[in-house]
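A, B, ... follow the sequence lines: proteins, then strands. Residue 1 opens every chain.
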Amino acid sequence: MLKYNRMKVSDIINELGLTVFSGQSGIDKEITGGYVSDLLSDVMGHAKEGQIWCTLQTHKNVMAIASLKDLSAIILVKGFKPDEDMAEQGEVEGVPVLGTTETTFEIVGKLYELLK
Amino acid sequence: MHFEYNIEGGDFSKAGFASSQLKKVLKQLITDHKVVKRTVVALYEAEVNVVAHAYLGVVIIDIDTDKIKIQINDKGPGIEDISKAMEEGFSTASEKVREMGFGAGMGLSNIKNNSDDFKITSEVGVGTKLEIIAYLKTI
Ligand SMILES: Nc1ncnc2c1ncn2[C@@H]1O[C@H](COP(=O)(O)OP(=O)(O)OP(=O)(O)O)[C@@H](O)[C@H]1O
Ligand SMILES: [Mg+2]
């Protein structure tokens, strides 16, 4: 596996100017890499602990997966906002739900530059 | 230790409840982090399948010193061709379910890959039964 720079969720929030929708208590977690997919069982099968997950899915099941897989945070792309119950669950689980107005391509490119 | 949970078909807001409860319990009992993660992934996929494809179901969990046994039994349409259903990419998920990001046809493979023993039986028009086993070295 690639070895990435050590960065915390809070670092990438600052660097990329991300919105924090909920789960503030988890922003000190370290990011071990990233995973990009809108297919939930793909994430379930292939994402690794500590990765940050970029998606356009905004419902509560996203949180269930992030929490079961111990992902470090979620980034919602293209200005999408979490459904209310997703945001609440992020708060409960302490998994930051973040947002950007950029497309997946743009935000992931920048994220990769930061982490690599 | 014995736990049971009900699953309601169609109710995605509660999908994953049993797996998140199981994760909490196992974290207290088992030091092997990997077994915990594999087992909750397998259970989550099974739960979602009941929600997405069946009418109602029950999850029965038995934690023993040497293994975790999980049964998921549902009343539902059943599966006509199990080997086809096991193929990655095969899915009969509805449009609505696909829009949520389910329906990649990877759930059953995830269960298989994340369990030590996996049995699935099904009767068309009646329902489907899954048995998932994780063996433990020490508890
Ligand atoms: N409990 C069930 N009752 C009836 N049919 C089922 C059940 N579980 C699985 N199936 C059938 O097997 C297919 C494959 O299941 P699998 O979990 O691999 O993929 P999926 O649920 O369609 O999509 P994904 O799990 O990737 O979101 C389903 O589309 C469905 O046709
Ligand atoms: Mg499935």
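Looking at A/Asp42, both its backbone and its side chain come within 4.5 Å of chain B, counting heavy atoms on both sides. Looking at A/Gln89, neither its backbone nor its side chain comes within 4.5 Å of chain B, counting heavy atoms on both sides. With a 4.5 angstrom heavy-atom cutoff, B/Glu88 does not touch chain A via any of its atoms.
Scanning both residues, A/Asp70 and B/Lys23, for their nearest heavy atoms gives OD1-NZ, 2.9 Å. Across all non-hydrogen atoms, the minimal contact from B/Ser19 to A/Leu68 is O-CD2, 3.8 Å.
Among the residues in residues 18-30 of chain A, none has a non-hydrogen atom closer than 4.5 angstrom to a non-hydrogen atom of chain B. Residues of residues 32-51 of chain B that come closer than 4.5 Å to chain A, counting heavy atoms only, are B/His33, B/Lys37, B/Val40, B/Val41, B/Tyr44, B/Glu45, ordered by residue number.
Linking Ile, Leu, Val, Met, Phe, Trp and Tyr residues whenever their side-chain heavy atoms come within less than 4.5 Å leaves B/Ile82 and B/Phe90 in two separate clusters. No continuous path of hydrophobic side-chain contacts links B/Ile61 to B/Val58 [ILVMFWY only; heavy atoms under 4.5 Å]. Taken together through direct or relayed side-chain contacts under 4.5 Å among Ile, Leu, Val, Met, Phe, Trp and Tyr, A/Tyr112 and A/Tyr35 form part of one hydrophobic cluster. Criterion: ILVMFWY side-chain heavy atoms under 4.5 Å apart, direct or through other members. Under it, B/Ile60 and B/Ile63 are not part of a common hydrophobic cluster. Taken together through direct or relayed side-chain contacts under 4.5 Å among Ile, Leu, Val, Met, Phe, Trp and Tyr, A/Leu39 and A/Met44 form parts of separate hydrophobic clusters.
To the nearest 0.5 Å, atom OG of residue B/Ser13 and atom NE2 of residue A/His59 are 12.0 Å apart.
Residue-environment remark: CD (B/Glu8) stays at or below the threshold of 12 foreign heavy atoms within 6.0 Å. By the 6.0 Å contact criterion, CD on B/Glu4 is enclosed, its count of non-hydrogen atoms from other residues, nucleotides or ligands being greater than 12. Residue-environment remark: CZ (B/Phe17) stays at or below the threshold of 12 foreign heavy atoms within 6.0 Å.
A distance-only check finds a donor-acceptor pair linking the side chain of B/Asn110 to the backbone of A/Ser41 [under 3.5 Å]. A/Asn61 places a side-chain N or O within donor-acceptor distance of the main-chain N or O of B/Phe12, the cut-off being under 3.5 Å.
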